[in-house]
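Report on the following structure.
Every number for a ligand or one of its atoms is a count from 1 in the order of the listing. Please read all numbers here as calculations on a predicted model, not as lab measurements.
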Amino acid sequence: MKTINIGMIGTGYVGLTSGACLAHIGHNVICVDNDEAKIKTLLRGEIPFYEPKLDQIVKENVQNGRLKFTTKISEAVKASTVLFIAVGTPPKETGEPDLSYVENVAKEIGEAMTDYKIIVEKSTVPVKTGEWVHETITRYNKRNIPFDVASNPEFLREGSAVGDFLEPDRVVVGVESEKAKQIMLDVYAPINGPVLVTDIKSAELIKHASNAFLSTKISFINAISIICELSGASVEKVAEGMGLDKRIGPSFLQAGVGYGGFCFPKDIMAFIRIAYELGYDYRLLKEVERINEEQKDRFVKKIEGLLWNLREKQIGVLGLAFKPNTDDMRFAPSIDIIAKLTAAGAKVKAYDPHSMDNAKKIITNIEYCNDPYEVVKDCDALAIITEWEEFKKLDLTKIKSLLKLPIVVDGRNIYDPKTMEQMGFIYRSIGR
Ligand code: UGA
């Protein structure tokens, strides 16, 4: 294999995972972040967030010298041929992504370049951002150094990002020159998975279209779950029956309290916005968003329906992160659900195995507990919001004896309705 010198600018979930994994497959990688405290943490071999397996890969590759960290973009530019831009693209009030971080990095790269570079968009950006990156680098590249822009969207899921990187369903590379194509193929040569080479705009669009489609699948099954509740069918059986059709597939058909995280909600907003700017009103995606919001409302109404009123009721919440195996609270359904519960006068006690430190910064008006049993003690109802493995193995007899009323409202369908009823619980789940 050819070893490539790579600069990874931005050490968030995407940048750090991609940088560490590229070092792991044999390249020399310098990760850059302007947050000095973060770089110090990483140099100590600590990871600033929870992501299974990532700490080990970072540690190994720092030790073998293939993974380095710096706060200076110019250092990475000097040492690398391929520069990935993996900085944040947070949503503005209007829903469109804030691309000023991407612009600043492009500017700094343009100023620092002294020999040929490929500048790769890794952050999720709207279609046609590549043109702006190209334009910005050209403006600041006073010495007229040759360069190429490329798009290489990431498809990593938090909680299984390392596995997704090393064994991907596909790698998408958008390029506009043969030289850039060859180097990008060298970067991914050690990875066992199909590589799709496209033009830059198509690569950019593949990312937004994929996340939009997956969100649509989730809202679709959530809408089906409502019809199941109204008709007496089971959403799990319906999803199983649909998923056996190879054209549909079984994944992303789990009904629940809706999707969250820093990808789907942000990307759907951005995609609706970019489509509008291009001249298309993407009403299908607006409906996907609306169904997702409605799902949280319906969950709270289910709890209220069992308790008559929420005022002064004590509700136990298990699970705060937007999904299991992450400590990420960004756009987590728990935030809106708890806000609705407390706005209606309920008191909330909560527990999450990994996200409580992050949750405490966002949700300040609830009591945080050390374990699930402390949560349920003297509660009028228990609400399950995230399907952590730990919650599937709880001692339900103990849970029942600790609850004031044996009411469980399960937003992720982790328990069997028959068993729960036999145990004497008043049990409600989603679409069953
Ligand atoms: C998602 C995509 O799956 C990745 O491919 C993509 O790279 C990433 O966004 C990104 O754009 O960076 P992630 O946000 O980590 O990854 O999480 P997912 O596992 O996709 O779950 C997203 C949300 O959908 C979670 O809240 C989850 O609970 C919910 N979900 C997922 C359901 O409600 N039902 C399902 O069947 C699947």
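Shown here are the side chain to side chain contact (heavy atoms under 4.5 Å, CB included) partners of Ala344, two or more places apart in sequence or in another chain: Leu310. Asn365 is linked by a side chain to side chain contact (heavy atoms under 4.5 Å, CB included) to Thr342, Ile363, counting only residues two or more places apart in sequence or in another chain.
For the salt bridge (Lys or Arg N to Asp or Glu O under 4.0 Å) test with Glu229, the passing option among Arg432, Lys302, Lys301 is Lys302; the others fail.
For ligand 1, the protein residues placed under 4.0 Å by at least one non-hydrogen atom are Glu154, Phe155, Leu156, Arg157, Glu158, Lys207, Asn211, Ile218, Phe252, Leu253, Gln254, Tyr259, Gly260, Cys263, Phe264, Asp267, Phe322, Lys323, Arg412.
In this pair, Trp388 and Tyr50 present their aromatic rings tilted. The plane angle is within the 30 to 60° band.
Salt bridge status for Lys201 with Asp199: absent, with no side-chain N to carboxylate O gap under 4.0 Å.
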Tell me which donor-acceptor pairs under 3.5 Å the side chains of residues 20-27 have, and how far apart each pair is, sequence neighbours excluded?
unit_1: His27; atom_1: ND1; unit_2: Ile4; atom_2: N; d: 3.0
unit_1: His27; atom_1: NE2; unit_2: Val187; atom_2: O; d: 2.8

